[in-house]
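Data block below; observations after.
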Amino acid sequence: MVGLRAVWQGGTRGGQVTKAGRPGQGAPTQPDAHEPYGDRAHSAFTPPLGVPLPPQPPGPGSAFAPPVSSTTGNHPLPAQPGPSDGYPFTPPAGIPRARGRWQDRTRTLLRSQQPAERPIPEHSAHGDNAPSVPRVLDLTLRLGELLLAGGEGAEDVEAAMYAVAHAYGLDRCEPNVTFTLLSISYQPSLVEPPVGLSRVVRRRGTDYTRLAAVFRLVNDIASRELSLEDAYRRLADIRRNRHPYSGWLLSLASGVLAGSASVLVGGGPLVFAAALVAAVLGDRLAWLLAGRGLPEFYQFVVAAMPAAATGVVIELVGADVRGSAVITGGLFALLPGRPLVAAVHDGLTGFYITASARLLEVAYLVVGIVCGVLLVLYAGVRIGVELSPEQALVGEVRPAIQLLAATVLTLAFAVLLQTERATLPLVTLNGAVAWTVYGSLHDQAEISPVLATLVAAGLVGLFGQLLSRYRYASLLPYVTAAVGPLLPGGAIYLGLLSFAQGHLDHGWTHLSKAAALALAIAVGVNLGGEVARLFLRVPGAESAAPRRAAKRTRGF
């Protein structure tokens, strides 16, 4: 019989039903925070292959006791089973035991199981004072909104939402994340109507300091260390916190990023200064348009013009400065590397709607940059400026200078993304490693730039995942800025210059190369992160296993 099943939660001890259906003398057994489901023994009445049992009426001495639930709020949280209870739905392969942080546990559940097959929490974190379901769902959505607006992938947002709801006792919940909409539903039982809430993400902003604070809050909630009121209080503090860097410092970081990128493609000190001034001017113009409420597309069009105009003026006056390097540096400061990595990650993890929306966002931003640069280049060609694609970015290989430029570029990019000050050294080191690997493969071993970029980006993802696991933080602050030196600014510039001069075939060739490099960056970062998740364990997981086993033994 595969119909509805009445799940009775509780246990017996010496023929007497203990308090709240848990074994012992009325004291609930608290499992370890890092062991979400524990080693609960299956019921002796559980048939093979996970077929649910028909309803069993409780009787004297029965192993099933009537459920005890909280009465707080309109939708009370149900009491949770004790360590000796079996799962209401046992998958054919048994209950999975995922080790590691909450990201690994919840991601495994979301990927491998249907909602009805997921194990329920071992205990209610708050007993008889459990919060109401709508408030838990509201907190879950608000945290998910901050994560999605900060650039997290859809799968990571769903994992965080599920972890928060799971920590407060909502076992049968189903989060759903798209590009602009978050929703979550909870069904107390198979015979009760579900409760659902949704929230729209209308504004997006890059602030990795706030993102790190949200991750710390989710970690504390998942460890069952916070009440609902404390979690709301922490959330309000996160929203009130100001950005760690001022607007002028961010504009200066944009200029330093552009100047460092110009040095990577062959520029010198004068090129660095020209690219810095042009990028700062473009950034302030974009800030002005943003304050007037213009769409982001037009902001990118205007922000791309000063660097292109500076390069054209340098070539027009005949100065001994590489104008092409100035334009390329300006492109580096504008390329949307963050949404590109997130888009490919969503596509590889099965969130195709969100991935399509993110890719469309990237396409619009790139088209805006193309329009701004192409208008200026076309005007320069019309007035007789000689811009040669063949000689645009030719220069000798300078390993030490280019490594220094890549390091400074990564640091400026991290500041531009509002990364925490304590994280800046690690991010900068990761970017330096990425450029060292790329330079060794491309310049020394003469490997294809696409393959060299893929390998370097894979190491960025691997090291970034390792750092995030050791610090129990988001992956984005450690990888987004580190791939900055690998962005295909030079290929995009050569393609746009070919278009401006009427060479469509060469233009499409260069833009195709730029697309291949961008895809290699995104796939490499995702692949490195997945490899780290498969083979690396969280620090302390092995030493914590004996302690968890001892706790379970004492609980029985």
Side-chain angles (χ1 to χ4, degrees), residues 73 102-103 106 125-126 131-154 156-168 170 173 175-184 196-250 287 290-291 293 296 338-339 342 354 414-424 468 471-478 480:
W102 59 265
Q103 291 98 323
T106 55
H126 306 284
S132 63
V133 170
R135 295 205 66 194
V136 174
L137 298 182
D138 177 70
L139 175 67
T140 303
L141 286 176
R142 291 180 183 275
L143 292 173
E145 177 191 9
L146 289 180
L147 293 175
L148 186 63
E152 279 289 346
D156 296 322
V157 176
E158 281 197 0
M161 295 172 63
Y162 187 80
V164 172
H166 199 274
Y168 287 112
L170 303 189
C173 67
N176 185 31
V177 176
T178 58
F179 185 59
T180 58
L181 179 66
L182 300 96
S183 62
I184 186 169
L197 293 177
S198 62
R199 195 172 183 87
V200 177
V201 179
R202 301 188 182 276
R203 299 185 61 184
R204 299 176 183 273
T206 304
D207 187 343
Y208 283 170
T209 298
R210 175 177 292 181
L211 186 67
V214 176
F215 255 79
R216 285 192 290 268
L217 176 56
V218 175
N219 286 334
D220 292 341
I221 294 175
S223 301
R224 298 180 174 92
E225 298 176 358
L226 287 179
S227 66
L228 187 64
E229 298 303 326
D230 292 336
Y232 265 111
R233 192 175 299 109
R234 293 252 313 255
L235 177 61
D237 293 338
I238 292 173
R239 287 184 175 275
R240 283 194 298 264
N241 286 344
R242 298 177 60 87
H243 299 302
Y245 309 110
S246 64
W248 279 103
L249 181 58
L250 296 180
W287 276 81
E296 199 171 15
R338 175 185 58 84
T354 307
V415 172
L416 199 60
L417 295 173
Q418 307 271 8
T419 306
E420 284 184 306
R421 290 180 174 86
T423 310
L424 292 178
S468 69
R471 297 171 69 94
Y472 294 93
S474 171
L475 174 67
L476 291 181
Y478 299 98
T480 306

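Computed over heavy atoms, backbone and side chain alike; hydrogens, waters and symmetry mates excluded.
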Which residues pass the side-chain hydrogen bond (donor to acceptor under 3.5 Å, both in side chains) test with [X], not counting sequence neighbours?
X: Arg239; value: Glu145
X: Asp230; value: Ser227, Arg233
X: Gln418; value: none

From CA spacing to verdict: side chain to side chain donor-acceptor pair (under 3.5 Å), Thr480, Tyr208: CA-CA 10 Å; Thr480 306; Tyr208 283 170; 3.2 Å; yes
Nearest 0.5 Å please: distance from the [atom1] atom of [X] over to the [atom2] atom of [Y].
X: Glu158; Y: Ile184; atom1: CD; atom2: CD1; result: 9.5 Å
X: Ser183; Y: Leu137; atom1: OG; atom2: CG; result: 10.5 Å
X: Phe215; Y: Asp156; atom1: CZ; atom2: CG; result: 6.0 Å
X: Leu148; Y: Thr178; atom1: CG; atom2: OG1; result: 8.0 Å
X: Glu420; Y: Asp207; atom1: CD; atom2: CG; result: 9.5 Å
X: Leu211; Y: Leu417; atom1: CG; atom2: CG; result: 10.5 Å

Shortest non-hydrogen contact from [X] to [Y]?
X: Gly144; Y: Val157; result: O-CG1, 3.7 Å
X: Leu146; Y: Ile238; result: CD1-CG2, 4.4 Å
X: Leu141; Y: Ser198; result: CD1-N, 3.6 Å
X: Thr209; Y: Pro244; result: OG1-CG, 3.4 Å
X: Leu147; Y: Ala160; result: CD1-CB, 3.4 Å
X: Ala149; Y: Val201; result: CB-CG1, 4.1 Å

Ser468 side chain vs Leu475 backbone, donor-acceptor pair below 3.5 Å: no
Side-chain touch His243/Leu250, heavy atoms, less than 4.5 angstrom: no
Establish, from distance only, whether the side-chain atoms of Thr140 and Tyr168 form a donor-acceptor pair under 3.5 Å. no
Do the side-chain N and O atoms of Arg471 and Tyr478 include a donor-acceptor pair separated by under 3.5 angstrom? yes
According to salt bridge (charged side-chain N to carboxylate O under 4.0 Å, His left out), who are the partners of [X], at least two apart in sequence or on a separate chain?
X: Arg234; answer: Asp220
X: Arg240; answer: Asp237
X: Arg210; answer: none

Before giving the answer on side-chain contact (heavy atoms from CB on, under 4.5 Å), spell out for Leu143 and Met161 the whole-Å C-alpha distance, their side-chain angles and the decisive distance to 0.1 Å. CA-CA 7 Å; Leu143 292 173; Met161 295 172 63; over 6 Å; no
